[in-house]
Amino acid sequence: MSTWDDDETEFGELDAGVVISALSVEVPLAAVPAARVVDGAPQTGSVDLDEDMGLGVWEMTVGAMRDTEVSEVFVVVAGSATVDFIEPALPPIELSPGAIVRLESGMHTVWTVRETLRKVYLA
């Protein structure tokens, strides 16, 4: 079986037949801008795995932040969080490994992460 090796692979386009571990991808993190922080000192980051497909890995550390979403579908692979929908007003959702969620462009949300959250997204 072919597997991904971060010493040999540059992202931009996925190779057919190669396995990439969503849990092993190094995601560089940066502090969330102060205007978006609701609680704590969260950091976020993402890595595009295939730019043509809009596929990548995103991570957020413990804390809470406001966000304006893009259209995407994602699968949580690690961590736990709550997403509150501010606009449109929808019931909050709980995220844990295995959760699959679709977001629409322009949704206003608050992400509250209890355990570092990692998701694989298609945007």
Side-chain angles (χ1 to χ4, degrees):
M1 172 172 72
S2 297
T3 58
W4 167 76
D5 179 345
D6 65 23
D7 293 331
E8 297 177 11
T9 303
E10 296 249 347
F11 295 115
E13 183 176 323
L14 287 177
D15 292 327
V18 174
V19 174
I20 294 176
S21 169
L23 296 173
S24 301
V25 174
E26 268 194 58
V27 177
L29 299 174
V32 171
R36 293 178 49 205
V37 172
V38 174
D39 186 44
Q43 296 184 331
T44 62
S46 65
V47 172
D48 290 329
L49 299 177
D50 192 312
E51 294 172 0
D52 292 339
M53 292 176 56
L55 179 69
V57 176
W58 179 86
E59 185 170 293
M60 179 178 163
T61 62
V62 173
M65 72 171 204
R66 292 176 194 81
D67 201 13
T68 302
E69 305 301 335
V70 299
S71 292
E72 72 173 283
V73 173
F74 66 84
V75 178
V76 175
V77 297
S80 67
T82 302
V83 178
D84 291 295
F85 294 94
I86 308 306
E87 183 62 39
L90 298 170
I93 58 173
E94 293 298 319
L95 301 178
S96 61
I100 302 171
V101 179
R102 178 175 170 259
L103 299 173
E104 292 181 349
S105 183
M107 288 179 134
H108 294 273
T109 56
V110 173
W111 292 69
T112 303
V113 172
R114 294 177 296 281
E115 179 184 352
T116 297
L117 189 75
R118 183 172 279 218
K119 66 181 185 177
V120 174
Y121 64 84
L122 183 59

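Side-chain heavy atoms closer than 4.5 Å link hydrophobic residues (I, L, V, M, F, W, Y) into clusters, and following such links, possibly through other members, connects V120 to L14. Linking ILVMFWY residues whenever their side-chain heavy atoms come closer than 4.5 Å, directly or via other members, places L49 and V77 in the same cluster.
Counting only distance, with no hydrogens or angles, the side chain of R102 and the backbone of V73 share no donor-acceptor pair below 3.5 Å.
Across all non-hydrogen atoms, the minimal contact from L23 to A78 is CD2-CB, 3.9 Å. Of all heavy-atom pairs spanning A64 and P42, the tightest one is O-CG, 3.7 Å. Contact record, T61 with A41: OG1-O, 4.3 Å, taken as the closest heavy-atom pair. When every heavy atom of L122 is checked against every heavy atom of M53, the shortest pair comes out as CD1-O, 2.9 Å. P28 approaches V47 most closely through the heavy-atom pair CD-CG2, 3.7 Å. S46 approaches V27 most closely through the heavy-atom pair N-CG1, 3.6 Å.
For the pair T112/D39, no side-chain contact is recorded, criterion being any heavy-atom separation below 4.5 Å from C-beta on.
Atom-to-atom distance recorded for L29:CG and T44:OG1 is 7.5 Å, nearest 0.5 angstrom. Atom CG in D50 sits 9.5 Å away from atom CG in D15 (nearest 0.5 Å). Atom OG1 of residue T116 and atom CD of residue E59 lie 6.0 Å apart, to the nearest 0.5 angstrom.
Between E104 and S71, the side chains place no donor N or O within less than 3.5 Å of an acceptor N or O (distance only, hydrogens not considered).
Through chains of ILVMFWY side-chain contacts below 4.5 Å, V101 is grouped with V32, V37, W58, M60, M65, F74, V76, V83, F85, L90, I93, L95, L103, M107, W111, V113, L117, Y121.
Contacts classified as salt bridge (Lys or Arg N to Asp or Glu O under 4.0 Å) and involving residues 75-88 (residues at least two apart or in different chains) are not found.
Residues satisfying the side chain to side chain donor-acceptor pair (under 3.5 Å) criterion with E72, sequence neighbours excluded, are K119.
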